[in-house]
Every structure is written in structure tokens, then in C-alpha cells.
Amino acid sequence: MNGSSALVDNAGASQSRRVFWDQDVYQLELERIFSRCWLMLGHDSLVPKPGDFITTYMAEDRVILSRQPDGSLKAFINSCTHRGNQICHADSGSAKAFVCNYHGWVFGQDGSLVDVPMEERCYHSDLDKSKLGLAPIRVETYKGFIFGCHDPEAPSLEDYLGDFCWYLDTIWDGPDGGLELVGPPLKSTLACNWKVPTENFVGDGYHVGWTHAAALQMIGGELAGLSGNRADMPFDDLGLQFTMRHGHGFGLIDNAATAIHVKRDGYVKYLEQTRGGIREKFGPERERLYVGHWNTSIFPNCSFLYGTNTFKIWHPRGPHEIEVWTYTMVPKNADTETKRSIQREAIRSFGTAGTLESDDGENMSSATYNNNGIITRKGRMNSSMGKDREGPHPVYPGIVGVSFIGETSYRGFYRFWQEILDAPDWAAIRANDDTWDAMWTNRNFW
Ligand code: UNU
Ligand code: FES
Ligand code: FE
């Protein structure tokens with residue numbers, strides 16, 4: 001590969017198809033994106049008590065996330081410092097220690113090496129256990145959501161989320177207690193590049209009426225009008241699209257929070273009961289967000305649909321495959337029946353065999369695997385929709401696009417993807433902080 005700079009054009013409006021296919025692009029992503037960004041690990045609700053742990057992935061690295069006796073969190077690489085074996089094979093549990101299968105080295109809840117079989121006889125006091133703990137990972141949380149990062153130079157999680165915090169607070173920090181994750185996750189594999197679902201969730205309003213035509217027609221409700229891109233669809237009034245400094249973004253469909261839920265009574269009632277508190281705490285602009293539906297990605301590989309409340313981590317498995325982990329996001333303080341119905345509906349629509357999930361899967365594989373053709377692969381992809389109909393907004397932070405159906409947040413995602421791929425370190429990225437949004441030319445759109 002000849003550098004990475006031609007992969008995405010300056011406007012973010014076209015990409016080389018090699019971004020979905022090439023092994024060397026993928027290796028660069030592992031080094032420069034997955035080794036340097038904050039990656040989603042889970043939520044406090046998955047490890048509530050001291051000793052609780054889950055195992056997960058940061059890209060292809062296995063990690064253990066463990067709740068400490070003092071209530072804090074630690075994460076470390078799930079691979080023995082002796083001969084490299086995976087240490088913990090459980091998905092989740094509660095443990096005082098982690099014992100390696102191979103030779104029996106014992107690691108504490110904090111990842112430190114606490115015991116070695118026959119240590120005196122075998123090592124004659126030569127083994128410095130204090131230097132052989134499991135490799136630690138930075139952990140920070142935002143409103144209960146837990147992230148990990150390998151790069152000591154990376155900004156704090158709050159700086160990394162940046163302007164997106166203003167939006168996330170609406171749903172993650174409401175006066176009723178915000179949201180939590182319900183696990184364990186559904187797991188499946190999908191033959192696609194990890195960016196195909198991420199870009200789809202960050203801003204593909206365009207596919208909804210077409211790819212999901214049958215499902216939307218069957219479900220009815222607020223989105224039935226999108227089915228088959230009906231001519232009377234209120235295109236410009238559907239909602240907005242948003243993109244942030246570090247590639248995070250979402251699309252908003254107004255008043256459609258629960259549109260994908262078939263049995264909506266409990267959740268509709270919950271939102272009606274709580275929207276007043278949101279208005280009081282955050283104002284009418286964010287009350288609008290609270291009752292809307294969001295399709296969202298947090299850079300690089302975590303996506304969720306607020307309202308539908310499916311929550312995804314797209315773990316990469318090479319350039320052409322992912323492991324999809326699907327949790328459900330529920331209001332922490334809703335009653336049990338409402339939580340259950342939200343989980344049921346989220347899984348029915350966007351679980352592994354969900355009605356809408358399976359609509360998307362075929363496209364995601366096809367958009368990836370078509371590039372096995374050598375001529376096909378040399379082409380480019382287009383994400384120019386609405387490129388002059390976006391800009392800084394008087395109220396909403398980041399860059400705002402005029403319609404839910406646009407590609408503003410595609411461009412934001414791929415601009416940052418290119419920037420971080422080119423940047424030697426976080427200092428080089430920070431140097432662009434004051435000028436990043438100048439790239440959007442239409443400064444006076446709003
Ligand atoms: O499929 C999606 N990403 C989607 C579905 C987005 C918004 C509404 C419904
Ligand atoms: Fe968009 Fe074919 S029409 S990928
Ligand atoms: Fe979809």
C-alpha cells in the first residue's frame with residue numbers, strides 16, 4: 001500500500017473500496033485506531049459487585065474487565081504472561097482469582113501475579129512476580145458506560161466523546177437514572193468489514209425505507225410511511241443528522257423513539273412520564289432528542305439505536321468478518337415488565353435473527369465481498385448526500401445536517417478515520433482540534 005491518504009477524499013465524501021478489503025489497511029486500523037481509541041467494554045450493570053468480571057474483546061485482543069474490592073474497575077489482557085495461554089474462558093462470573101489452565105499461574109482480581117506453582121523449587125527465588133502481572137488497560141466510565149484504551153497519550157474518555165456528551169447525557173443521564181445494558185450479549189458472526197455496520201448506524205437514513213421496506217410495512221406506526229420510499233414521505237421534516245470531532249455521530253427521526261417496537265404500550269408510557277423531567281433538566285432541544293429515534297455510532301466500533309434500544313459492538317475479525325455482540329439498552333429505573341418488553345422488542349427487530357437485522361446483513365456482506373474482484377476493488381464509494389446542507393448549528397453541538405436522510409455523519413466518520421490513520425500520535429490529532437470543523441464549508445447553513 002502506498003500510504004493511506006488517498007483512501008478517503010478531503011470532504012469525506014468518497015472512499016476507496018480498499019477500506020473494506022485490504023489486509024494492510026486493516027493492520028493499520030489495528031495499530032492506529034483500535035490501539036489508540038477508547039473502545040466500549042460494557043456497563044456498570046454487567047459487573048455490579050466486587051469480584052464480578054466479564055471477558056470481552058478490544059479488536060482481536062481478549063480482555064478481562066474486573067470489579068475491584070473497592071468498587072473501582074480494572075481491565076487487563078486475558079493472556080498469561082508465562083506462555084501466553086488465554087487465562088479466563090468464561091464469558092462472565094465472579095472470581096477471587098484467575099488461574100491459567102496451562103501451568104497454573106494465579107492472577108488476582110487486579111491482574112497481578114499472586115501465585116506460581118512450586119515457585120521456590122522451580123525458580124529458586126529468581127522470579128520477580130511483580131513484573132509479571134497481566135498487561136493493564138486504561139479504564140474510564142461515562143455515565144455508567146465502561147470504555148478501555150491502550151494509549152497512555154489518548155485524551156480522557158470525556159474529551160474523546162467531546163461534544164457527543166451533550167447528546168448522550170439526554171439519554172444516559174436523565175433525572176430518572178439514565179440507561180443501563182442488559183446482557184449477556186447475543187453473539188453471531190457476519191461476513192463483512194467492521195466499518196460497514198458502523199457507517200450504516202452512524203448515518204444511513206437512506207437505506208431505511210428501502211432495505212427495511214417489508215419490515216416497516218409490517219410494523220406500521222411512525223415509520224410505515226418510509227416503506228418503499230413513498231412519494232408523500234416528508235423528507236426534510238423527518239429529523240436531523242449530527243457528527244462530532246472524533247467521528248461519533250447519529251441520525252435523528254423526530255417523535256419516533258419507539259417506532260420499531262410492535263408492542264409499545266409500556267415504553268411509550270414510560271417516555272411520556274419522563275419527558276417532562278428531561279425538558280426541565282436539559283431544555284426543549286434535548287426533549288426533542290429524547291422522544292426521537294437515534295441511529296448512532298461511537299467511533300470506532302460501537303453502535304446503538306436509541307428508542308429501539310439495541311446496542312452493538314462490532315468486534316473485527318480480520319478485514320472481512322466481524323463478531324456481532326448485541327446487548328439491550330434499557331432505562332435503569334423502568335419497571336421490570338417495561339424492561340422485559342424493551343429487551344424482547346429489541347431482540348425481535350435487531351437480535352441475531354431480528355427482522356431488521358437480517359435485512360441489513362446481506363447488504364453488509366455484499367458491500368464487503370464484491371471487492372474481491374480486482375477491477376471492482378479499484379473503484380470508489382460515494383457518500384456525498386446533503387454535503388452543502390449541513391454546518392455548525394446555533395444550538396446543537398458538532399456539525400448538523402438538514403435531514404435524517406443524508407450522509408453528514410458518514411463524512412464525519414470517514415474524515416476522522418482518515419485523520420487518525422495518518423496521525424503519528426494523539427498530539428498530531430489534538431493539533432487539529434481548533435480547525436476540524438472548518439472542513440465543513442457551508443458555515444452559514446443554519
Ligand atoms: O436500520 C437502521 N439502522 C435504522 C432502522 C435506523 C433508523 C430507524 C430504523
Ligand atoms: Fe446504495 Fe447499492 S444503492 S449500495
Ligand atoms: Fe438497517
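Both counts, for ligands and for their atoms, begin at 1 and track the order of listing. Since the structure is predicted, the reported quantities are computational estimates derived from the model, not experimental observations.
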Notebook entry, point to check: Is the centre of the His246 ring less than 6.0 Å from the centre of the Trp426 ring?
Noted result: yes
Note to self: Looking at the Fe ion (ligand 3), is there an N, O or S atom belonging to Asp360 that lies under 2.8 Å away from it?
What the structure shows: yes
Next item on the list: May I ask you to decide if the ring planes of Tyr267 and His261 are parallel, tilted or perpendicular, using 30° and 60° as cut-offs?
Entry: tilted
Check: Does atom CG of Asp232 have more than 12 heavy-atom neighbours, drawn from other residues, nucleotides or ligands, at distances under 6.0 Å?
Finding: yes
Note to self: Any salt bridge linking Glu180 with Lys339? Criterion: basic side-chain nitrogen under 4.0 Å from a carboxylate oxygen.
What the structure shows: yes
Margin query: For atom 9 (C) of ligand 1, which of the options Ile260, Thr310, Ile219 provides the nearest non-hydrogen atom?
Written below: Ile260
Next item on the list: Under 4.0 Å from a heavy atom of Asn200: give me the atoms of ligand 1 that qualify, with their elements.
Entry: 3 (N)
Margin query: Ring of Tyr57, cation from Arg317 - is the NZ or CZ under 6.0 Å from the centre and inside 45° of the axis?
Written below: yes
Checklist line | Parallel, tilted or perpendicular: ring planes of Tyr414 versus Tyr410, cut at 30 and 60 degrees | finding: tilted
Next item on the list: Considering heavy atoms of the protein only, find what lies nearest to atom 8 (C) of ligand 1 and give residue, atom and distance to 0.1 Å.
Entry: His293 CE1, 3.5 Å
Next item on the list: For ligand 1, indicate whether the residue Phe350 contacts it via side chain, backbone, both or neither (heavy-atom separation under 4.0 Å).
Entry: side chain
Next item on the list: Report yes or no: is the cationic atom of Arg389 (NZ for Lys, CZ for Arg) closer than 6.0 Å to the six-membered ring centre of Trp446, at no more than 45° off its axis?
Entry: no
Item checked: Which residue and heavy atom of the protein sit nearest atom 2 (C) of ligand 1, plus the separation -> His207 CE1, 3.5 Å
Notebook entry, point to check: Among the heavy atoms of Ile253, does any lie under 4.0 Å from an atom of ligand 1?
Noted result: yes
Margin query: Just to confirm my output: which protein heavy-atom neighbour is closest to atom 4 (C) of ligand 1, and how far is it?
Written below: Val208 CG2, 3.8 Å
Next item on the list: Please indicate whether any nitrogen or oxygen in His212 is less than 3.5 Å from any nitrogen or oxygen in ligand 1.
Entry: yes
Note to self: Can you tell me which N/O/S atom of His212 has the shortest distance to the Fe ion (ligand 3)?
What the structure shows: NE2
